[in-house]
Amino acid sequence: MYKLTDEDEVVLSIDGQEIVCHKSETVLDAAHRHNLRLSFSCRNGVCQSCMLRATEGQPSPRSQKGLKSTLVEQGYFLACRHELTADLSVSLEGASNTFSRVTVMSNEALSSDVYRIRLSQPKDVEYRTGQFINLRKESGEIRSYSLASVAGRDKLLELHIRRIRGGIVSTWLCDEMKMGRTLEISEARGDCFYVSRDRDQDKPILLMGAGTGLAPLYGIIRDALANNHTGEIFLYHGASKKDGLYLVDELTALEDTQPNFHYVPCLSGESGRFGFRKGRAHDVALADIKDLTDYLVFSCGNPEMVRSAKRRAFLQGASMQDIFGDAFLHASTTTALSKLSNAPSVG
Amino acid sequence: MANETLFDRLGGEKAVDAAVDIFYRKVLSDDMLASYFEDVNMEAQHAKQKAFLTMAFGGPSNYTGKDMREAHKGLVARGMNESHFNAVAGHLQATLEELNVSADLVAEVMAIAGSTKSDVLNV
C-alpha cells in the first residue's frame with residue numbers, strides 16, 4: 001500500500017500495525033503517543049523492560065547497548081533508546097509461530113530411550129546452533145526440542161528425543177516418525193547459542209547438560225570448534241544411570257582429536273563406576289571449577305537444574321552476559337520480555 | 001575538578017558495570033533476602049539492579065518515587081520491611097568499599113539510596 005508521508009515522518013510497524021512517527025522520536029515515545037501499551041520502566045536504556053525485536057530495519061547500536069550478544073544477534077533492542085530515522089518493523093512476540101512441513105530423513109536409537117531424528121531443513125527455518133524449535137503433532141500437541149545440528153554446516157536438522165513412556169509426542173516421534181514421514185516445526189528461537197566474537201575466542205567454556213539437554217550443547221561445542229575457538233571447552237553431561245548417557249563414544253573421540261575439549265560424563269544414581277564422575281552434572285562441574293570469571297557458561301536440561309546452574313555460575317564469578325541456557329517448562333504467551341524467560345514444553 | 005557530577009567522580013557507567021555483579025552477588029547470597037529473589041528471572045533482575053545502581057550513583061535515571069513504590073509494593077505486602085532494606089543498603093556499601101571508593105563518595109551514594117526508603121517500604 002502506497003503511503004504518503006512527510007519527509008519528517010517514518011513508519012513504525014508493530015506486529016503489522018502501522019503508525020506514523022516523527023523522525024527522531026523514540027519507538028517508546030511514538031508508541032505511547034498512539035496510546036499503544038509498551039512496557040517500560042527506567043526510560044533510560046538500563047532496565048530492559050521495553051525490549052522489542054526488530055523484524056525489518058536496523059536498530060541503532062545505542063539501542064542495543066548492554067544487551068546480551070544472543071539478543072543483539074536476534075534483533076532485540078530497547079524501545080526507549082532507538083530514535084526513528086527510517087522505517088522499522090518490530091514484534092512484541094519473541095518469534096513468530098508459523099510452522100513448516102519437514103521430512104524425516106532418519107530415525108535411529110542412540111540408547112535405550114534416546115533417539116536421534118534428522119529432518120530436512122526448510123528454506124524459511126534459519127537457526128543458530130543451540131536454539132530450539134517447536135514441533136507440532138497433527139492432533140495439535142506442541143513440544144519443544146533443541147537442535148543438535150550445526151547451522152550452516154549440517155545439511156539436516158538434528159533432534160535428540162527422549163522416549164518417555166506414556167508421552168504422547170515422544171512415543172509418536174520415536175516409534176512412528178520413520179524415514180519419509182513428515183511433520184511440522186516452527187521457526188527456531190531461544191537464547192542458547194554461541195556467538196563467535198574475536199574477544200571471546202580464547203575464553204574458557206563450561207557446558208552443563210542433563211539427559212537430552214546434551215542436544216544443543218553438542219551443537220554448540222562443534223560450532224565453537226568450527227569457529228576456531230581456542231579456549232578450553234569443558235562438557236559435563238549427566239544422567240542418573242549409564243544407559244541415560246549417549247554419544248559417549250563420539251564425545252570421547254572428540255577429546256582425542258581436539259586437545260582443548262574435555263568430556264566429563266556424570267552419573268547421579270549409581271554408586272560408582274570407572275570412567276564416570278558421581279553426582280549431577282552441574283553439581284560436579286560447579287565443584288570442579290570454583291572460579292568462573294571470564295567463562296562462557298551454557299546449561300540445558302530440566303528447569304530446576306538450569307535455574308540452579310545459571311544462578312550458581314553467576315555467584316561463582318561468571319558474568320550475567322556470558323551465561324546462556326534454555327529450560328524446558330510449559331509454554332505461555334505474551335510480552336517480549338516474558339518470552340525471553342519463558343520456556344517450552346517437553347514430553 | 002569543578003562541576004563534575006557524583007556519577008562522573010565515581011567513574012560513570014563503567015563504575016556501575018563493575019559494581020552491579022558484585023552487588024547482585026551479595027544480595028543473592030544473603031539468606032534473609034533469598035526468598036524475594038527465588039521466583040524472579042535472574043537476568044531481568046540484574047538489569048533492574050543496574051538501573052538502581054545508576055540512580056544511586058547519581059547517574060541519568062528517570063525512575064520516580066512512584067516507580068520505586070509500585071515496584072516494591074508486592075514485596076512489602078509479603079513482609080518485606082526495614083531490616084531487608086537495611087540489608088540491601090549494607091551490601092551496596094560493602095560493594096563500594098570493596099571497589100575502594102573513597103569514604104566521601106560512599107556517603108553521597110548511601111544518601112541517595114537512603115532517600116528511596118519511604119518509597120520502597122511504601123510508608
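Residue numbering restarts at 1 for every chain, and letters A, B, ... go by the order of the sequence lines. For the numbers below, each heavy atom of this structure counts, side chains included, while hydrogens, waters and symmetry mates do not. Just so it is clear, the structure is predicted and the values come from calculations on it, not from any experiment.
- Across A:L315 and B:S29, no two heavy atoms sit closer than the pair CD2-OG, 3.5 Å.
- Using cut-offs of 30° and 60° for the angle between ring planes, the A:F314 and B:Y24 rings count as tilted.
- For the atom pair CG (B:L28) and CZ (A:R312), the distance works out to 13.5 Å, reported to the nearest 0.5 Å.
- Within the 4.5 angstrom heavy-atom criterion, no atom of B:V27 approaches chain A.
- Rounding to the nearest 0.5 Å gives a distance of 6.0 Å between CD of B:E43 and CG of A:D191.
- No side-chain donor-acceptor contact under 3.5 Å links B:D21 to the backbone of A:G317.
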### Query
Do A:K65 and B:E13 pass the salt bridge (Lys or Arg N to Asp or Glu O under 4.0 Å) test, and can you show the C-alpha distance, the side-chain angles, and the key distance before you say yes or no?
CA-CA 12 Å; A:K65 188 158 178 283; B:E13 200 181 336; 2.9 Å; yes
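- The contact between A:K68 and chain B is made entirely by side chain atoms (from C-beta outward), counting heavy-atom distances below 4.5 Å.
- Of all the listed residues (B:K26, B:K50, B:Q45), the one sharing the greatest number of non-hydrogen pairs under 4.5 Å with chain A is B:K50.
- In terms of heavy-atom pairs under 4.5 angstrom with chain A, the leader among B:A71, B:G59, B:A47 is B:A47.
- A distance of 8.0 Å separates CE of A:M320 from CZ of B:R25, quoted to the nearest 0.5 Å.
- Taken to the nearest 0.5 Å, the CG atom of B:N41 stands 7.0 Å off from the NZ atom of A:K310.
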